Structure formats: structure tokens, C-alpha cells
There are 2 protein chains.
Amino acid sequence: MDRTKKELCEECDLEWENLKNLTEKELEIVNLNKFKTDFKPGEIIFKQGSPTSNAVFLSNGMAKIYIEGFDNKRMMVGIAKPKQLIAGPGTFVDERHHYSVAALTDVSACFVKMDVLKELMRQNSKFAEGWLQDISRKALGTFYKFLSHTQKKMHGRLAETLIYLADEVHGSDNFTMILSRQELGELSGMAKESVVRILKEFSEDSIIDDKCPNIKIINKEKLIMVSKMG
Amino acid sequence: MDRTKKELCEECDLEWENLKNLTEKELEIVNLNKFKTDFKPGEIIFKQGSPTSNAVFLSNGMAKIYIEGFDNKRMMVGIAKPKQLIAGPGTFVDERHHYSVAALTDVSACFVKMDVLKELMRQNSKFAEGWLQDISRKALGTFYKFLSHTQKKMHGRLAETLIYLADEVHGSDNFTMILSRQELGELSGMAKESVVRILKEFSEDSIIDDKCPNIKIINKEKLIMVSKMG
DNA sequence: ATTCCGTATTGATATATATCAATACGAAAA
DNA sequence: TTTTCGTATTGATATATATCAATACGGAAT
């Protein structure tokens with residue numbers, strides 16, 4: 001992590017959808033109160049338990065969002081990409097992060113003072129509503145993930161995870177797997193060995209093509225079928 | 001359900017904490033746009049998939065909030081009490097309920113037009129912020145429940161559920177169990193038979209005293225211990 | 001009081017899944 | 001090139017938990 005690099009990053013101004021609800025003047029304030037930092041793979045962007053003093057936007061790269069639970073076990077919540085606000089639900093509750101975020105690839109991140117965003121939220125009701133929408137959408141996502149973890153079996157959950165990676169993260173059925181088997185397990189709620197075995201089954205059934213760091217979904221229909229209660 | 005009973009219900013004006021952020025005038029608007037309905041145990045207050053046209057506040061009684069998942073299985077999210085806003089995360093996303101709510105006891109509920117609340121949210125930034133806090137707090141709760149379902153074993157989850165019922169729902173270690181074993185299972189993520197067996201163990205270990213509809217937590221320390229990774 | 005029906009309880013069994021242990025592989029370092 | 005080390009893979013086994021089946025219980029209806 002290189003905190004010396006502190007500069008304006010014009011290129012990520014309008015990344016978060018909700019920033020479009022700000023006026024020129026308000027956006028200016030945001031620009032004056034942000035700074036950029038770079039991270040290498042594996043480096044922690046912020047840590048569970050630390051104060052939510054800044055909101056984070058990735059301008060480049062991907063990061064994993066995860067909770068450090070009991071017994072040193074981790075639960076991965078999802079993968080953060082550019083255009084998203086990363087600021088946990090603790091922001092409006094206890095001003096503490098309730099999960100950690102770590103870079104998966106090279107990452108450029110913009111930090112924006114949370115006080116500034118909160119103040120803008122109070123001034124601009126469109127912005128407030130957008131933020132409500134953002135939080136709601138994420139809560140809903142967590143909800144459904146919770147449901148599938150509770151009710152689906154491993155095959156279904158792993159299929160779901162692959163679909164998530166293809167559709168939501170990479171936007172393609174042919175992508176480079178940036179997660180280790182361990183991490184895939186943390187994301188789909190199973191042991192790494194189970195990930196390996198099921199991935200192998202999917203390969204044998206010609207549902208996916210798993211060439212080391214590259215994953216290609218061959219039979220999406222079947223994968224979707226498995227994900228719905230496989 | 002008796003929809004003919006439509007009257008102002010003065011007694012529940014200030015129940016939801018966030019309503020305190022409204023002015024007299026704004027509160028007046030809320031009062032003009034609400035109506036009261038009564039429900040009997042088992043009756044559905046609103047159903048998953050239906051439009052979020054109204055926010056609901058209970059002025060009396062308790063209700064279960066649950067998701068109807070795959071394969072007719074249910075997942076109970078929690079128990080709603082008076083003083084709380086019941087309006088799922090769909091409100092700001094797709095204007096659909098993502099869970100159902102059904103009365104567990106006799107219930108009196110106030111329905112308030114969602115459009116009215118949303119408009120007030122746009123006018124009054126304190127109210128908007130309060131709503132953000134409310135949603136965040138709930139999201140955080142879901143988060144931790146998710147974590148414990150993923151990482152704890154049955155004993156820990158059931159202990160946690162009992163603590164939830166005592167502390168959050170009834171405010172006493174001595175309460176009447178309003179949930180069936182089936183429902184207890186839906187709330188703690190296990191089969192009803194498992195609930196029965198573990199409850200019996202807790203009784204044998206003198207952690208609880210289970211006299212049919214009444215539950216008394218005798219050894220809270222031990223129950224807490226079990227809940228933390230039992 | 002007797003019947004009836006849903007829920008609770010109990011025991012036996014099946015199944016999903018984690019854990020443990022051993023080995024293989026592949027990239028970085030020497 | 002060889003060594004080293006973390007990750008991946010595979011197989012064997014243990015364990016948690018669900019499911020199935022039978023019975024018991026308690027309140028509502030007759």
C-alpha cells in the first residue's frame with residue numbers, strides 16, 4: 001500500500017451511479033475530499049472493526065469483501081468492482097466496518113471522507129434516496145444469498161457462484177478465475193476439497209471447461225438448472 | 001382479516017423511532033394516510049411478491065417475517081414487534097415485498113401509504129437519515145445471522161435463537177413460546193426433530209426449563225457459551 | 001367421554017459434507 | 001536445474017444433520 005500517492009483522480013468521478021444525483025458544485029466538494037491509493041493483490045484495503053471514516057470506490061481492479069468469523073473461518077460476501085460504493089452497513093449504525101476488503105488484483109482505490117458524503121446526503125434528497133436504494137439493493141442480495149446457503153446443497157451453491165462470477169463480476173462466460181479454491185469455498189460456503197470435487201464433476205459433465213486459471217461455461221442452461229436446487 | 005375497520009389509531013403515532021424526526025405538520029400527514037386492521041394468529045399481513053404500497057407498523061401483537069424459498073421450505077427472518085417499521089428492502093428496489101409477514105398472536109396493524117413516507121423522506125433529511133439507519137441496522141442483523149448459520153453448528157444456532165427470543169423479542173428470560181418446533185426450526189435453520197432433541201438436551205443440562213408453552217432460561221451464561229460456537 | 005387431527009417426541013437410518021492425510025503439481029527462489 | 005513452498009487434488013473416514021417411520025400427546029369437535 002502506497003499512501004504517499006495522493007492525487008485527484010478525475011477518471012473515477014462519475015463511477016458510482018448515485019453520484020449522478022449530485023450537482024456540479026456538490027461533485028466538486030467530493031473531488032476536493034478524495035484521494036487515491038494503490039494496492040497489490042492480497043493487500044488489505046480496509047479491515048473489519050476499523051472506523052468507517054472513508055467510503056471507498058475502486059477505479060481499477062477487483063477486491064474481495066469478507067467477514068472474519070468465528071474460529072478463523074472466513075465468509076466471503078462478494079467481489080467488489082469499479083462503479084460501486086464500498087462502505088458497509090456499519091456506516092449508519094456504529095461507524096465501524098463489519099467486513100474486511102482485500103485486493104484480488106492490482107487495485108486503484110479512491111477514498112472519500114465519509115463526513116462529506118453524509119453531509120451531502122443531508123443536503124440533497126435525491127442523493128439520499130439513491131443511497132437508500134444502494135443499501136437496499138445490497139441488503140436484498142445478501143438476503144438471497146442467505147436463502148440459498150440455507151436451502152441449497154453444495155452443487156447448487158457452487159453453480160450459483162460460477163454464474164455470479166460470469167454474469168455479475170466478469171460479464172462473460174469465459175473468464176480468468178481470480179479466486180483460489182479456498183476462496184471459492186469461502187464464497188459458496190463449503191470446504192475447498194468440496195470445491196475441487198464438484199468442479200471436477202462439472203468438467204466431466206461438460207458443464208464447464210476448467211483450464212487452470214481459465215474457466216469457460218460451456219453449458220449455461222445446465223449450470224442454471226443445477227443452481228436452482230441441484 | 002377485517003378490512004372494514006378503518007380508523008385513525010392515535011395510540012401508535014410515535015412508535016417508530018424515526019417518526020420522531022418528523023415535524024408536527026409532517027406527522028399530521030402520516031396520521032391522515034394510515035388505517036388500522038386487525039389480524040388473527042396465522043393470518044397473513046402481507047405476502048412475498050406483493051407490491052410495497054404500504055408500510056406496516058404493529059400497534060399490538062407479534063408477527064413472523066419469513067421467506068418462502070425453494071421446495072416449499074421456509075426461512076424465518078425474525079419476529080416483528082410494535083415500534084418497528086415493517087417494510088422490506090424491496091421498497092427502494094423493485095417495490096415488491098421479498099418476504100411474507102404473518103400474525104403469530106392477535107395483531108393490530110397500521111398501514112401507511114408508502115408514497116407518503118417516501119415523499120416525507122425527500123422533504124426531511126433527518127427522516128431520510130433515520131431511515132438509512134433503520135435499513136442499515138436490519139441489514140447488519142441479517143449479516144450476522146447469515147454468518148452464524150454458515151459457521152455455527154445446530155446447538156449454537158438454537159442457543160442463539162433462544163437468546164434472541166429472550167432479549168430482543170420478549171425482554172425476559174421467562175417467556176411463552178409462541179413458535180412451534182417447526183417454526184423454531186425455520187428460524188434457526190434446522191429440522192423440527194433437531195429442535196426437539198436439542199431442546200431436550202438443554203433441559204437435561206439444566207440450561208432451560210421447558211414447561212410446555214413456557215420457556216425459562218435457567219443458566220444464561222452457559223446458553224451464551226453454547227451460542228458462541230457450541 | 002370419545003373421536004379426530006395436528007403437533008411433538010423418539011428412534012433408526014440415510015446422506016451430505018467436513019476433516020484428515022497423503023500426494024501431486026507448478027511457480028518462484030536459489 | 002534443483003529446491004522449496006503453497007496450492008490443488010485425491011482418497012479414506014468421521015460427523016453433523018436430515019429424513020423417514022412410528023408413536024405419543026393434547027386440544028377441538030362431536
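Every chain is numbered from 1, with letters handed out A, B, ... down the list of sequences. The model shown is predicted, which means the values in this text are computed figures rather than measured ones.
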What N/O pairs connect the protein and nucleotides 25-27 of chain D at under 3.5 Å? Give each pair on its own line.
none

Could you pull out every donor-acceptor pair under 3.5 Å between side chains of residues 72-84 of chain A and any protein atom, sequence neighbours left out?
unit_1: A:Lys81; atom_1: NZ; unit_2: A:Glu168; atom_2: O; d: 2.8
unit_1: A:Gln84; atom_1: OE1; unit_2: A:Lys81; atom_2: N; d: 3.1

Atom pair distance, as rounded to whole Å: CZ in A:Arg181 and C1' in C:dC25: 13 Å
A:Asp210 CG - D:dT9 C1' separation (whole Å): 12 Å
A:Asp210/A:Arg181 ion pair, N-O < 4.0 Å: yes
Gap between atoms NZ and P, on B:Lys211 and C:dA8 respectively (whole Å): 19 Å
C:dA8 OP1/OP2 closer than 4.0 Å to side-chain N/O of B:Lys192: no
Inter-residue atom distance A:Asp106.CG - A:Asn60.CG, 0.5 Å rounding: 8.5 Å
Plane angle bin for A:Trp16 and A:Phe57 - parallel if under 30°, tilted between 30 and 60°, otherwise perpendicular: tilted
Every protein N/O lying under 3.5 Å from an N/O of nucleotides 14-22 of chain D:
unit_1: D:dT17; atom_1: OP1; unit_2: B:Met154; atom_2: N; d: 3.4
unit_1: D:dT17; atom_1: OP2; unit_2: B:Met154; atom_2: N; d: 3.1
unit_1: D:dA18; atom_1: OP2; unit_2: B:Ala191; atom_2: N; d: 3.4
unit_1: D:dA18; atom_1: OP2; unit_2: B:Ser194; atom_2: OG; d: 2.9
unit_1: D:dT19; atom_1: O4; unit_2: B:Arg197; atom_2: NH2; d: 3.1
unit_1: D:dC20; atom_1: N4; unit_2: B:Glu193; atom_2: OE2; d: 3.1

Nucleotide C:dT7, atom C1' - distance to CG of B:Leu179 in whole Å: 14 Å
Quiz item: cation-pi between B:Lys152 and A:Phe70, 6.0 Å / 45°: yes
Atom pair distance, as rounded to whole Å: CG in A:Leu184 and C1' in D:dT7: 13 Å
B:Phe143 to B:Leu140 - nearest heavy-atom pair and separation: CB-O, 3.0 Å
Distance in angstrom units between B:Ile178 CD1 and C:dT7 P, rounded: 16 Å
NZ/NE/NH1/NH2 to OD/OE distance under 4.0 Å, A:Asp167 and A:Lys220: yes
Exercise: do A:His98 and A:Asp94 side chains pair donor with acceptor under 3.5 Å: yes
Distance in angstrom units between A:Glu186 CD and D:dA8 C1', rounded: 15 Å
Intermediate values then yes/no, side-chain contact (heavy atoms from CB on, under 4.5 Å), A:Met177 and A:Asn214: CA-CA 6 Å; A:Met177 176 56 68; A:Asn214 282 81; over 6 Å; no
